[in-house]
Amino acid sequence: MSAFDSVRRHGRPLATALLASSLLLDGLLATPAAAAGTTAVRVNQVGYLPDGPKRATVVTSSTQSLTWQLRSASGTVVASGSTVPRGADAPSGQSVQLADFSSYQGTGTGYVLSVDGSDSDPFDIRADLYDGLRSDAMAFFYHQRSGIAIDASLVGSAYARPAGHLGVSPNKGDTSVPCQSGVCDYTQDVRGGWYDAGDQGKYVVNGGISTWLVVNSFERAQRAGTDAALGDSTLRVPERGNGVPDVLDEARWELEFLMRMQVPAGKPYAGMAFHKIHDAAWTGIPTRPDQDAQPRELHRPSTAATLNLAATAAQCARVFRPYDSAFADRCLAAARRAWTAAQANPAMYAPDSDSTGGGAYGDSQVTDEFYWAAAELYATTGESTYRDAVTSSSWHTSAGAFTPYGFGWADTAALGRLTLATVPNGLPASDLARIRASVVSAADGHLSTMAGQGYAVPIPKDGYFWGSNSEAADNAVVMAVAGELTGDARYRAGVLESMDYLLGRNAIGQSYVTGYGERSSHNQHHRFWAHQLDASLPNPPAGSLAGGPDSALQDPVAQEKLAGCAPAACYIDDIGSYSTNEVAINWNAPLAWLAAYAADRPSGGGSPQPTASCAVTYKVDNAWSDGFTATVTVKNTGTSAVDGWRLNWNYPGGQRVTSAWNATVTQSGADVVARNADWNRAIAPGATVSFGVEGSLSGSNPSPTAFALDGNACD
Ligand code: 9MR
């Protein structure tokens with residue numbers, strides 16, 4: 001699929017945006033400060049990591065280099081230097097210069113960057129900068145839960161509310177929901193899940209990508225060895241203390257809903273997923289969830305929704321297995337049923353026109369969803385049917401799986417690629433190398449997009465469409481994975497500068513995350529957090545991400561207030577501007593992913609783990625009718641030492657490890673993971689480490705063929 005197709009599918013009129021940007025290229029038309037001809041210094045209003053990049057963008061009509069000064073809270077100048085003029089910046093329509101103070105590595109709060117007599121907003125430099133956002137961005141999902149009372153002891157009294165849509169008057173409830181006329185003749189219990197956004201619809205398509213990102217943030221942290229930060233009793237969820245990582249508890253709330261959306265056995269289209277459930281007509285703002293009196297309706301099953309269910313339920317089976325194998329089994333069964341049903345009904349498209357009372361989430365191109373679902377099912381089961389579906393998909397080799405415009409609810413091939421690139425699987429080494437190279441090359445594209453701009457935004461100037469902040473965040477996720485795959489620090493810098501963009505270093509000096517930064521969005525479009533309309537209601541809770549600039553001006557407030565805006569400035573923090581200022585689960589999910597990544601301090605300094613490079617031999621030493629012993633030898637074929645390791649493989653023949661020596665070995669289903677003993681944690685370049693396993697057999701004893709060291713496939 002071409003980049004143009006991707007943009008079109010997000011519903012953004014390309015021509016309008018190009019026209020707007022070319023009209024506003026020169027001059028300083030975008031912001032009041034700039035229009036007055038004064039200098040503005042745009043920074044990440046929260047701050048910078050001590051070991052990360054630290055750059056500011058200076059809006060100025062000056063074409064000469066200027067002096068910048070970094071002052072500590074006490075007013076002392078702790079660093080100074082010269083700006084680099086850039087001139088016209090197309091997306092913002094501003095004339096800008098860059099100040100780079102990355103070499104300053106001191107820590108503290110209340111720093112200010114001054115240029116030409118103007119001060120930036122104050123900011124911090126500290127290693128724990130993202131700890132709060134890691135928790136707040138994830139808490140967004142608890143706030144959005146349907147079908148459960150939101151508990152004051154977890155969120156504070158301002159955000160507590162009764163359960164929504166459980167059938168208590170005036171709610172019609174999601175406990176027994178009929179279909180739209182002609183779609184089905186029964187009702188379905190589809191309680192639970194997360195409300196999508198400012199509305200109270202629940203959409204399988206958008207629930208899918210959001211759940212995937214939340215669970216993937218945990219898989220990523222597991223690979224980095226930092227998953228304890230998302231573990232049990234780390235987040236504000238009611239399931240704290242149940243022995244399951246909190247981030248998975250939160251994801252399960254949505255996964256249970258997604259599975260309830262599956263058409264039951266014995267009904268027409270059994271195994272398919274209903275596309276969505278929402279109010280029959282749009283409700284007004286404010287309307288608290290428990291006060292919604294509208295009838296709720298199930299909309300026709302769709303292939304896209306069914307494949308979202310297959311993909312996320314397959315991912316669920318893989319990740320939940322060590323914590324709750326019965327739930328993992330249930331997820332896998334739902335995923336398999338969904339896959340089979342989607343194959344039988346490959347072209348049931350949700351129309352763009354179905355947008356009364358809820359969003360359409362229309363999608364008539366679902367080959368990318370097939371690819372994503374196949375990739376998840378294959379990574380989880382290793383089965384050849386799913387592998388064949390992966391390798392025969394045009395998305396497996398298409399250059400369009402990643403585009404400058406990112407992935408999204410309608411464009412999911414990239415999710416499949418990210419899973420195949422990072423979850424150990426049996427694809428041939430050359431194929432894996434190609435998949436990984438595609439992630440790295442997409443990340444290179446994002447870095448080059450950033451390098452070409454005054455604000456280092458990871459989206460092109462014609463990419464400011466509805467939900468553009470999710471596009472920036474999703475592209476940053478790709479850069480983070482590229483950093484993991486290569487160990488190259490430039491990608492982490494790209495991720496952190498993407499955070500700078502979201503947190504205030506942008507055309508309008510706006511932090512798009514509530515409660516983070518001096519001038520942060522707090523009037524996002526939401527039916528409960530509607531303080532702007534009713535002073536007795538709260539603003540959105542800290543950690544809520546606004547949709548961001550949308551150059552197509554797709555709501556009346558944007559049309560009235562933003563006419564003539566440069567693309568990156570088409571944003572207004574007004575509750576009425578749903579096209580620029582709504583919150584949504586698919587926008588907060590990558591934010592939470594990135595916040596957890598940025599908060600990681602795996603080796604004290606926050607650098608990503610270097611990529612392991614390895615060769616493994618597996619030798620059966622002894623086998624008898626119902627058992628065997630084997631020696632596994634791991635060689636570090638890379639150039640840097642491994643310090644602490646984890647080796648994954650799976651047994652193709654139902655073998656079960658019963659004991660091990662020289663490593664701690666655990667098994668869940670076919671998946672085996674071996675972790676170093678204390679004394680063999682280090683493997684120098686070129687060195688080997690061996691350990692042994694004893695196992696039980698039933699019949700054959702085929703050797704495993706694919707091994708991964710710390711998430712990296714071995715030869
Ligand atoms: O994120 C969606 C965006 O890509 C579409 O262009 C837009 C119009 O169809 O809808 C956005 O999603 C909204 C959904 O339809 C209803 N809930 C709120 C979502 C975020 O604004």
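Just so you know, ligand 1 is whichever comes first in the structure, and atom 1 is the first atom listed for that ligand.
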Parallel, tilted or perpendicular, judged at 30° and 60°: which one describes the rings of Trp466 and Tyr578?
tilted

List ligand 1 atoms under 4.0 Å from Ala197, heavy atoms only on the residue side.
17 (N), 18 (C)

For this output row, return yes or no: ring centroids of Tyr361 and His275 closer than 6.0 angstrom.
no

Are any of the N or O atoms of Asp199 closer than 3.5 Å to those of ligand 1?
yes

Tell me every residue that passes ring pair (Phe, Tyr, Trp, His ring centres under 6.0 Å) with His446, counting only those two or more places apart in sequence or in another chain.
none

Ligand 1 versus Trp587: contacting region, heavy-atom distance under 4.0 Å:
side chain

Any N/O of Glu582 closer than 3.5 Å to an N/O of ligand 1?
yes

Can you classify the ring geometry of Trp212 versus Trp372 as parallel (below 30°), tilted (30 to 60°) or perpendicular (above 60°)?
perpendicular

Taking C-beta and beyond as the side chain, do Val177 and Thr187 meet within less than 4.5 Å on heavy atoms?
no

Geometric N/O contact Trp409 with ligand 1, under 3.5 angstrom:
yes

